[in-house]
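In what follows, every heavy atom counts, from backbone to side chain, and hydrogens, waters and symmetry copies are set aside. If you're wondering where the values come from, they're calculated on a predicted model, not measured in any experiment.
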Amino acid sequence: MSVVTGLRPKSPAERLLATNSWLVFAFFYAPIVVLVVFSFNANENVGIWTEPSLRWYREVFRDEAVMGALRNSLIVAAISTTVATILGTMAALALERFRFRGQRVYDGLLYLPIIIPEVTMAVMLLLFFAQGFQWLDGAIGWSPTFGIGTISLSHIAFNISFVTVVVRARLGQLDPRLEEAAADLYATRWQAFRGITLPLILPGVAGGALLALTLSLDDVVITNFVAGPGSTTLPVYVFGLVRRGVTPLINAVSVIMLAASMVLVAVSFGFQRGSRGRVPESMAEDG
Amino acid sequence: MGPGGVDGRGAVSEPGGAAAARSELEDAARRAEARRGFLIALPAWFYLTLFFVIPLGIVAVYSFATRSSTGRTVLSDWNFDSYRRLWDSLVVEIALRTLLLALATTLICLMFAYPLAYYMATRRPALRNVLLILVMIPFWSNFLVRTYAWKVLLGSDGPVSQLSQALGGEPIRLLFTNTAVIIGLVYGFLPFMVLPLYTALERMDWSLVEAARDLYADGWTAFRKVTWPLSIPGVVAGSILVFIPTLGAYVTPAILGGAKTTLAGDYIVSQFLAARNQPFGSALSMGMMLIMLAATIVYFRWFRPSGRDL
C-alpha cells in the first residue's frame, strides 16, 4: 500500500516538508554531536580544539565526587525501580482487572504525580520530610536526615504512576478471554495470574521498569530538594557544576550519561520488538 | 474481566429458589472480588497517601502560615498574606513572562513539529520507523545533558559565536537571554509535540484526502478541510504536553537563563532555598498547580484524548 499524501513527489510543498524535516533532525542532533566531539578535546579551554584525547574521561573516573554521586544514583535507581515496579504493577492490575470502591479516586490519584509540575512535587516532599523529621524527633526522639533514603522514597512516589500507566496499556491490549479460559479450566485466580497474565504482561512490566530506571537516573529537580549534604546523585552534582560554567570534565560526564541513556533506549526497543513484534514487523507487512 | 464474566453466565432464568441462592452466591463472589481488588490496590494507595497526598496537604497548610523574622515558618496565626502577595507586580510580571515563554515554546514546537510529523507519516513504513526512532532518541536521553549541550553551543567562545566571527560577523552572545531559554525549551520538549502529532497523522484514513482530491480539491484545500481537522486531537495533545511542563520548567532557565529571565519555576525554588519564605513559596506552588490542573481539566473535558501513552 502506498501512502496517499495529496502531494506530487517533486512538488515544492514536498520539498519544503523534506527540508524542514532534515533541519529539525539537524537541530536534534547537532548539539549532541558537538558535545561528544568536544568531550574528546585535550584542551582545558572548551571552545578551542587542540587534539583528540581521552584525558577528561580518565579524570572522570579518578574524580571521587563524581564516582560517589554515581554510586548514590545507582543505589537510588535500584531501590526506587524495584519498589515502584512492584507497587505500580499491582495498581495497574487492580485498576484493569477488578472493580472496587474508590476506584475512580484511585485512578485520579495515580495520574496526579505525572500531571503535577516537578517543582511543586519537590517543594511538597521537602516540606513533608522536614516537618515529618521534626515530628519524629519530638515523638520518639529519632531524627533521620536527608539523604539516599529520602531521595529513594521520593523517586518511588513519582515512578509508581509511570509504571502503572505503562503496565495498564499492556493489560488493556490483553484479551480477557485468555484469563476467563483459564478460570473455566478450574485455575484459581492466582494460578491464572501466574500462568497466563504475568507472562503476557511481562514486557509491559519490563518497559515500565526501564522507564522508572531512566526517570530515576535523570531526575534533577526533585532530588535537588530532598538530597542531603554529601549525598547527591550524579545529575544533581552535574547540575551544580553546570550552573557554574562549562568545563571539559562536565563534557565527558555528560557523554557518559548520554551513552547510558542510549543503552537503556536500545534495551527497551529490544523488549518491544521481541515481545510485541508489533511496531516494526506488522508495519513492514502492509508496505 | 472477572466480575463481568460471572454476570454474563448467571443471566439464565431458573426456578425462584435456585435463582435466589445463585444470586446470593454471586453477590458473595462479587464482594470477594472487590475485596481482592482493593487489597491489590492497597500498597500503592497507602504509599501515595503518605508520600503524595499528605505532602500536598502540608504545602496547602503552609501557604496559610506566617514567616517569622528568622525565616522559620510559624504554624499558627493563619492568614491569606501569602496569597495576597501573588498579586504583587513582580509576581504578576514573572507569571506573565512564564506564560508568554511557554506559549512561544508551544507555538514554535508546533510550527516545526507539524510538517515533520506530516513528512514522517507519509513515508514508506520502513523509513517511517527509522525516523520515529530518530525522534525517540532525544526524547529518551538525559534532559540535563541536552540542555547543557546548548550552554556549550551558545557560550561566548562556543561554536555558534565562533562560526559567526569566522564569517566576519560580531560574536553572538545568546547565553543567559530569553532567546537561549526558548531554544533550550523547544529543544527539550519538541519530541513531546512530534509524537502525538505523528500518531494522529499516521492513524488517519488517507483515502479521505484522496477522495477530496478526486472531487477536485487542490492540495491546500484538501489539507485545510480534511487533514488538519482530523489531526486536531494530536495538535491538542502535543500542545498540552509541551505547554504544561514548560510552565513549570526549572532546569532550562537555571542553566541557559540569566538574572533578568526569572521564570515561575526558578522563583518558587528561590523562595525555599534562598529567600527562606516557605509560606509564600507554598502559595506560589498552589497557584501554579491550580493553573495546570485547570488546563488539564479543560483538555480532558473538551477534547477526547486518543488514550495513547508515549
Side-chain angles (χ1 to χ4, degrees), chain A residues 3-7 13 17-18 20-21 24-25 28 31-32 34-35 38 46-47 87 90-91 93-94 97-100 106 109 113 115-120 123-128 131 153 157 160 165 169 176 180 218 220-221 235 238-239 242-243 246 254 257-258 261 265 280 283-284 287, chain B residues 1-3 5 33-34 37-38 40-41 43-45 47-48 51-52 55-56 58-59 62 112 115-116 119 122 124-126 129 134 137-138 140-145 148-153 155 157-159 206 209-210 213 219 222 248 250-251 254-255 265 268 272 285 288-289 292 296 309:
Chain A
V3 181
V4 183
T5 64
L7 288 173
L17 275 179
N20 171 76
S21 304
V24 173
F25 282 122
F28 272 148
I32 296 176
V34 168
L35 188 64
F38 275 101
V46 175
L87 296 190
M90 287 172 79
L93 276 169
R97 288 293 182 269
F98 293 91
R99 294 288 160 265
F100 55 92
Y106 188 60
L109 174 62
I115 300 169
I116 218 161
E118 270 190 299
V119 172
T120 329
V123 166
M124 282 162 44
L125 287 163
L126 170 72
L127 292 186
F128 168 75
Q131 188 69 48
L153 289 170
I160 289 177
V165 168
E180 280 165 26
D218 283 2
V220 174
V221 181
V238 172
F239 180 60
V242 165
R243 294 193 77 170
V246 171
S254 300
M257 287 164 81
L258 217 54
S261 22
V265 186
M283 275 178 151
Chain B
M1 202 63 66
E33 266 304 286
F38 184 78
I40 295 175
W45 193 303
Y47 195 94
L48 287 180
F51 292 105
F52 190 85
L56 188 60
I58 290 181
V59 172
Y62 268 52
F112 288 102
L116 174 64
Y119 182 78
T122 53
R124 281 174 295 110
N129 283 313
L134 282 177
I137 289 173
W140 276 79
S141 41
N142 190 297
F143 188 86
L144 171 68
V145 168
Y148 170 71
W150 279 98
K151 190 166 186 173
V152 175
L153 271 178
D157 55 356
W206 288 91
V209 177
E210 202 176 1
R213 297 299 299 247
Y250 168 65
V251 171
I255 293 176
I268 290 180
F272 287 91
S285 305
M288 185 191 256
M289 242 178 312
M292 294 205 187
T296 317
D309 53 299

Closest heavy-atom contact between [X] and [Y]?
X	Y	value
A/N20	B/L116	ND2-N, 3.4 Å
B/I255	A/F239	CG1-CE1, 3.8 Å
A/R243	B/K151	O-NZ, 3.7 Å
A/M124	B/P55	O-CB, 3.6 Å
B/Y148	A/S254	CD2-OG, 3.5 Å

Heavy-atom cut-off 4.5 Å, strictly under: side chain, backbone, both or neither for [X] against chain B?
X	answer
A/F25	side chain
A/I160	side chain
A/V34	side chain
A/L153	both

Rounded to the nearest 0.5 Å, how far does [atom2] of [Y] lie from [atom1] of [X]?
X	Y	atom1	atom2	answer
A/L17	B/T122	CG	OG1	6.5 Å
B/I40	A/L87	CD1	CG	12.5 Å
B/I58	A/Q131	CD1	CD	5.5 Å

For [X], is it the side chain, the backbone, both, or neither that has a heavy atom closer than 4.5 Å to a heavy atom of chain A?
X	value
B/Y62	side chain
B/F272	side chain
B/Y47	side chain
B/A222	neither
B/L153	side chain
B/I268	side chain

**OP:** Step by step, work out the side-chain contact (heavy atoms from CB on, under 4.5 Å) result for B/M289 and A/I116.
**Re:** CA-CA 7 Å; B/M289 242 178 312; A/I116 218 161; 3.2 Å; yes

Original post:
When the ring planes of B/W45 and A/Y106 are compared, do they come out parallel, tilted or perpendicular, using 30° and 60° as the limits?
Top reply: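 Parallel, since the angle between the ring planes stays under 30°.
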
Original post:
Taking C-beta and beyond as the side chain, do A/S261 and B/W140 meet within less than 4.5 Å on heavy atoms?
Top reply: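 The answer is no; the side chains never approach within 4.5 Å.
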
Subject >> Any side-chain heavy-atom pair of A/D218 and B/L144 under 4.5 Å >> reply: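 When only atoms from C-beta onward are counted, B/L144 and A/D218 do not touch, as no gap falls below 4.5 Å.
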
**OP:** Between chain A and each of B/G248, B/P43, B/G155, count heavy-atom pairs under 4.5 Å; write down the option with the most.
**Re:**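 Maximum pair count with chain A is reached by B/P43.
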
Original post:
Who among B/A41, B/A149, B/S285, B/S141 has the most heavy-atom pairs with chain A under 4.5 Å?
Top reply: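 Among B/A41, B/A149, B/S285, B/S141, the one with the most close pairs to chain A is B/A41.
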
**OP:** Sort out for me which of A/V238, A/V246, A/L109, A/L35 touches chain B most, counting heavy-atom pairs under 4.5 Å.
**Re:**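 Ranked by heavy-atom pairs under 4.5 Å with chain B, first place is A/V246.
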
